[in-house]
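If you read the sequence from its start, that first residue is 1, and numbering goes on from there.
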Amino acid sequence: QVQLVESGGGLVQAGGSLRLSCACAASGCTFSRYAMGWFRQAPGKEREFVAAISRNVVNTNYADSVKGRFTVSRDNGKNTVYLQMNTLKPEDTAVYYCAADRRFGQPSVYSDSYDFWGQGTQVTVSS
């Protein structure tokens with residue numbers, strides 16, 4: 001079983017930065033077997049894709065709304081994936097979730113592709 005735990009959320013002013021982390025907490029977790037994705041959900045809105053990274057770090061995907069501002073990375077030795085968020089905007093306010101995908105291939109932008117999810121961490125950007 002894969003247990004994902006996000007951290008690093010909080011309140012920040014527009015233009016500021018945050019770094020989210022997502023760690024695989026279960027003992028024996030083979031983190032490198034999973035592509036990892038970040039999604040977010042704002043109040044009253046559907047969950048949307050933010051960024052994803054392949055197992056071997058080679059491939060990444062980003063939503064157009066965050067390209068150039070957010071960077072996804074991972075450290076398989078630490079069983080952790082990161083989302084560095086710069087130049088934050090009020091519209092980035094949401095609960096951010098990380099997710100793990102057992103499939104091979106390009107990191108998916110579709111939430112249905114992911115098998116395991118974290119509990120989410122709140123990011124609030126004030127104007």
Side-chain angles (χ1 to χ4, degrees):
Q1 187 70 13
V2 175
Q3 182 180 358
L4 301 174
V5 180
E6 300 99 334
S7 61
L11 173 64
V12 64
Q13 288 188 332
S17 298
L18 283 174
R19 188 176 82 154
L20 305 183
S21 299
C22 171
C24 185
S27 61
C29 177
T30 309
F31 193 68
S32 60
R33 291 181 178 176
Y34 305 96
M36 299 298 297
W38 287 96
F39 291 77
R40 66 187 182 187
Q41 188 166 19
K45 294 187 176 181
E46 297 285 322
R47 186 172 297 187
E48 65 174 1
F49 170 76
V50 176
I53 187 166
S54 61
R55 301 173 176 216
N56 58 6
V57 191
V58 171
N59 297 304
T60 56
N61 275 329
Y62 293 94
D64 288 344
S65 59
V66 307
K67 279 181 182 176
R69 301 189 297 124
F70 290 12
T71 303
V72 61
S73 62
R74 67 189 295 163
D75 185 337
N76 287 339
K78 294 183 178 180
N79 287 347
T80 303
V81 62
Y82 305 97
L83 184 68
Q84 177 67 45
M85 306 186 294
N86 298 329
T87 319
L88 282 160
K89 304 175 181 180
E91 51 264 45
D92 294 318
T93 295
V95 177
Y96 283 71
Y97 299 88
C98 69
D101 177 6
R102 292 176 292 188
R103 300 172 312 112
F104 289 95
Q106 292 288 331
S108 177
V109 304
Y110 301 106
S111 60
D112 288 350
S113 299
Y114 290 81
D115 304 289
F116 305 102
W117 291 81
Q119 81 290 348
T121 186
Q122 176 70 47
V123 171
T124 303
V125 184
S126 63
S127 56

Query raised in the report: Between Ala100 and Leu4, what is the shortest heavy-atom contact and its length?
Result: N-CD1, 3.8 Å

Query raised in the report: Taking Asp92 for the side chain and Ala14 for the main chain, is one N or O donor matched with an acceptor at less than 3.5 Å?
Result: no

Requested in this report: Could I get the full list of side chain to side chain contact (heavy atoms under 4.5 Å, CB included) partners for Ser7, not counting sequence neighbours?
Outcome: Ser21

Query raised in the report: Looking only at heavy atoms, what is the nearest atom pair of Ser73 and Ile53, with distance?
Result: CA-CD1, 3.8 Å

Query raised in the report: Linking I/L/V/M/F/W/Y whenever their side-chain heavy atoms sit closer than 4.5 Å, directly or via other members, would Val109 and Tyr96 fall into one cluster?
Result: no

Report task. Would you check if Leu83 and Arg40 make a side-chain contact, meaning some heavy-atom pair closer than 4.5 Å? Result -> no

Query raised in the report: So, the side chain of Tyr62 versus the backbone of Val72: is there a donor-acceptor pair under 3.5 Å, distance only?
Result: yes

Report task. Quick one: closest heavy-atom pair of Ala42 and Ala94, and the distance? Result -> N-CB, 3.8 Å

Report summary line: Correct closest heavy-atom pair for Gly120 and Val95 would be CA-CG1, 3.8 Å

Query raised in the report: Hey, are the side chains of Gln119 and Glu6 touching, using non-hydrogen atoms and a 4.5 Å cut-off?
Result: yes

Query raised in the report: Does the side chain of Phe70 come within less than 4.5 Å of Leu88's, by heavy atoms?
Result: yes

Report task. Report yes or no: do Trp38 and Val57 belong to one cluster of Ile/Leu/Val/Met/Phe/Trp/Tyr joined by side chain heavy-atom distances under 4.5 Å? Result -> yes

**Report entry** Derivation of the side-chain contact (heavy atoms from CB on, under 4.5 Å) call for Asp75 and Tyr82
**Finding:** CA-CA 8 Å; Asp75 185 337; Tyr82 305 97; 4.2 Å; yes

**Report entry** Spacing of OG1 belonging to Thr71 relative to CE belonging to Met85, to within rounding of 0.5 Å
**Finding:** 11.0 Å

Query - Spatial distance of atom CG (Asp101) from atom CZ (Arg55) [nearest 0.5 Å] - result: 8.0 Å

Query raised in the report: Salt bridge or not for Lys67 and Asp64, using N-O below 4.0 Å?
Result: yes

**Report entry** Distance (rounded to the nearest 0.5 Å) between Ser127 OG and Gln13 CD
**Finding:** 9.5 Å

Query raised in the report: Should Met36 and Val123 be counted in the same cluster of Ile, Leu, Val, Met, Phe, Trp and Tyr side chains packed under 4.5 Å apart?
Result: yes

Query raised in the report: Side-chain heavy atoms under 4.5 angstrom apart, residues restricted to Ile, Leu, Val, Met, Phe, Trp, Tyr: same cluster for Val2 and Tyr114?
Result: no

Query raised in the report: With sequence neighbours left out, what residues match Thr93 under side chain to side chain contact (heavy atoms under 4.5 Å, CB included)?
Result: Gln122, Thr124, Val125

Query raised in the report: How far apart are the closest heavy atoms of Asn76 and Phe31, and which atoms are they?
Result: OD1-CD2, 3.4 Å

Query - Cluster overlap Val66 with Leu18, hydrophobic side-chain contacts below 4.5 Å - result: yes

Query raised in the report: Got a donor-acceptor contact below 3.5 angstrom from the Asp115 side chain to the Arg102 backbone?
Result: yes

Query raised in the report: Between OH of Tyr34 and SG of Cys24, what distance do you get to the nearest 0.5 Å?
Result: 7.0 Å

Query raised in the report: Is atom CZ of Arg33 surrounded by more than 12 heavy atoms (other residues, nucleotides or ligands) closer than 6.0 Å?
Result: no

Query raised in the report: Are the side chain of Arg74 and the backbone N or O of Ser54 linked by a donor-acceptor pair below 3.5 Å?
Result: yes

Query raised in the report: With a 4.5 Å heavy-atom cut-off, do Arg47 and Trp117 have their side chains touching?
Result: yes

